[in-house]
Amino acid sequence: MMKRVEVDGARLLQSLADFAAIGATPAGGVNRQALSVEDRAARRLLTERALARGFSVFQDDAANLFIRREGRDPGLAPVLIGSHLDSQPTGGRFDGALGTLSAFEVLEALAEADAGTLRAIEVVAFTNEEGSRYAPGCMGSMDFAGASAIGAWRSVVAPDGARLEDELAATLAALPQAAMRPARPPPFAFVELHIEQGPILEREVVPIGVVTGVQGTRWLEVSFTGEAAHAGTTPREFRKDALAAAADAIAFLQATVMPGDAQARLTVGRLVVEPGSINVIPSHATFTVDVRHPDHQALAGLEADVRAACARAAETWGCTLSIDRRLDMAPGTFDPAIVDVIEKACRRRGIASRRMTSGAFHDALFVSRAAPSAMIFVPCRNGISHNEAEFVTDDHVILGASVLLDVVRELAGRFAAA
Ligand code: GLV
Ligand code: MN
Ligand code: MN
């Protein structure tokens with residue numbers, strides 16, 4: 001019979017408020033982009049709290065941050081829990097922070113109750129999940145899972161001009177208390193708690209989502225190059241208008257892709273026009289495309305649609321075209337045994353749950369390639385996320401963390417996979 005242990009709800013809510021103050025925006029959200037000064041401050045606070053509790057703290061080459069509470073058998077692979085601490089430029093207080101801070105609360109609750117576990121438990125804050133300052137997202141978890149090494153993105157430059165290599169070095173150096181840990185044996189299991197970031201749980205009044213998989217995502221950067229010319233003197237047949245080409249392609253894709261397939265998602269989130277003068281025909285237009293689909297083949301089809309629409313628009317406007325693929329995340333399926341453990345934990349607490357696929361990508365998608373993984377979702381108000389108005393009720397925060405605690409205790413007591 002396991003000793004009864006509960007998370008301290010008040011402490012967890014205070015911790016969410018403390019971290020929301022780091023990079024707080026006037027509109028109540030968070031701007032704590034990857035490897036920024038604010039990101040470093042959040043890592044420092046978590047590290048200080050971990051060391052004060054007597055946990056060990058490590059980081060790796062990708063600046064993934066680990067906090068370890070030892071188990072009875074240090075030779076067994078640990079159970080890994082956590083998420084990320086970086087945010088979108090106009091992000092909310094919960095995306096990533098909820099999973100990371102709830103994971104830390106699990107460690108604190110166990111320590112306070114003096115409840116031992118067979119396996120060690122490690123909390124992780126993965127580096128750059130969002131990908132908004134440095135594309136692609138999930139760099140830390142890709143590196144951790146061996147999908148791609150962090151060095152591959154060394155020379156990526158942020159919109160603010162900072163090179164990833166330099167910001168990574170500064171972030172690592174800002175935490176001298178965290179020992180470098182080069183070896184990364186796969187964990188026994190990984191569980192990530194997160195807000196749903198969509199409307200389903202709230203609409204159905206179900207407090208816990210048991211995530212069975214994640215849809216696929218591709219990111220493209222599209223550049224049209226035309227010719228700068230005078231706005232007043234240049235007749236249509238002489239114009240090589242890069243923005244007109246971009247607008248044509250975007251309008252066509254918005255009119256066809258999602259109306260043609262209810263499961264498809266297409267977003268153009270960033271557009272840069274040069275030289276950017278009111279009376280100069282644009283010579284350059286560069287924009288990003290985020291396409292998603294649960295089916296791998298269909299996702300490849302979406303990329304082909306984007307390429308074809310852009311090629312037609314380039315021809316219409318006498319422009320040259322280049323397209324860079326910045327991210328290719330195949331859809332992933334989580335481990336049925338871990339999914340089962342989460343569902344059983346909900347049942348034991350008498351909490352309604354439903355299975356679902358994630359529309360957002362997550363670090364768990366990559367970790368699942370290296371270790372059995374799954375995710376727990378809680379509802380967010382109006383399904384809104386990647387928005388400063390993102391909101392989760394206190395009850396749902398505490399419920400999510402409580403389920404995480406039960407799942408972790410179950411997994412940390414196992415000698416072998418189910
Ligand atoms: C994660 O931030 C995503 O864009 O899905
Ligand atoms: Mn997230
Ligand atoms: Mn996000």
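This is a predicted model, so every value here is computed, not measured. Remember, it's 1-based here, ligands and their atoms both numbered in the order they're listed. Numbering of residues begins at 1 and proceeds along the displayed sequence.
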Near [X] [atom1], under 6.0 Å, is it more than 12 heavy atoms from other residues, nucleotides or ligands?
X      : atom1 : answer
Arg349 : CZ    : yes
Gln177 : CD    : yes
Arg154 : CZ    : no

Review point. Is Asp95 in polar range of ligand 1, meaning some N or O pair under 3.5 Å apart?
Key: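 In this structure, Asp95 places no N or O atom under 3.5 Å from an N or O of ligand 1.
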Review point. With only distance considered, is Glu130 within less than 3.5 Å of ligand 1 through an N or O on each side?
Key: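 Yes; the residue has a nitrogen or oxygen that sits under 3.5 Å from a nitrogen or oxygen of the ligand.
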Check your understanding: Is His386 in contact with ligand 1, taking contact as a heavy-atom separation below 4.0 Å?
Key ->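 Contact present.
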Review point. Who's the nearest protein heavy-atom neighbour of atom 1 (C) of ligand 1, and how far?
Key: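 Looking at atom 1 (C) of ligand 1, the protein heavy atom closest to it is Phe361 CE1, 3.5 Å.
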Check your understanding: Of all the non-hydrogen atoms in the protein, which one sits nearest to atom 4 (O) of ligand 1, and at what distance?
Key ->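 Its nearest protein heavy-atom neighbour is Arg292 NH2, 2.8 Å.
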When you measure from the side chain of [X] to the backbone of [Y], do you find a donor-acceptor pair of N or O atoms at a distance under 3.5 Å?
X      : Y      : result
Gln59  : Leu175 : yes
Arg270 : Val289 : no
Asp143 : Ile150 : yes

Point to revise | Lys NZ or Arg CZ of Arg381 over Phe391 ring: under 6.0 Å, within 45° | key: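 Geometry flag: set, cation within 6.0 Å and 45°.
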Check your understanding: Does NZ or CZ of Arg68 lie under 6.0 Å from the centre of the six-membered ring of Phe58, at an angle within 45° of the ring axis?
Key ->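 Cation-pi check for Arg68 and Phe58: fails.
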Point to revise | Polar contact flag, side-chain donor to acceptor under 3.5 angstrom, Asp95-His194 | key: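 Short answer, yes.
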Practice item. Classify the contact between Gln197 and ligand 1 as side chain, backbone, both or neither, using a heavy-atom distance cut-off of under 4.0 Å. Key: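 Neither; no heavy atom under 4.0 Å.
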Check your understanding: Using 30° and 60° as the class limits, which term best fits the ring planes of Phe66 and Phe144: parallel, tilted or perpendicular?
Key ->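 Rings of Phe66 and Phe144: tilted, as their planes differ by 30° to 60°.
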Point to revise | Number of protein N/O/S atoms that sit closer than 2.8 Å to the Mn ion (ligand 2) | key: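 For the Mn ion (ligand 2), the figure is 3.
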Point to revise | ligand 1 atoms in contact with Ala360 (distance to a heavy atom under 4.0 Å) | key: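 So the atoms of ligand 1 that pass are 5 (O).
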Check your understanding: For ligand 1, which atoms, with element, lie under 4.0 Å from some heavy atom of Glu129?
Key ->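 Reading through ligand 1 atom by atom, the close ones are 1 (C), 2 (O).
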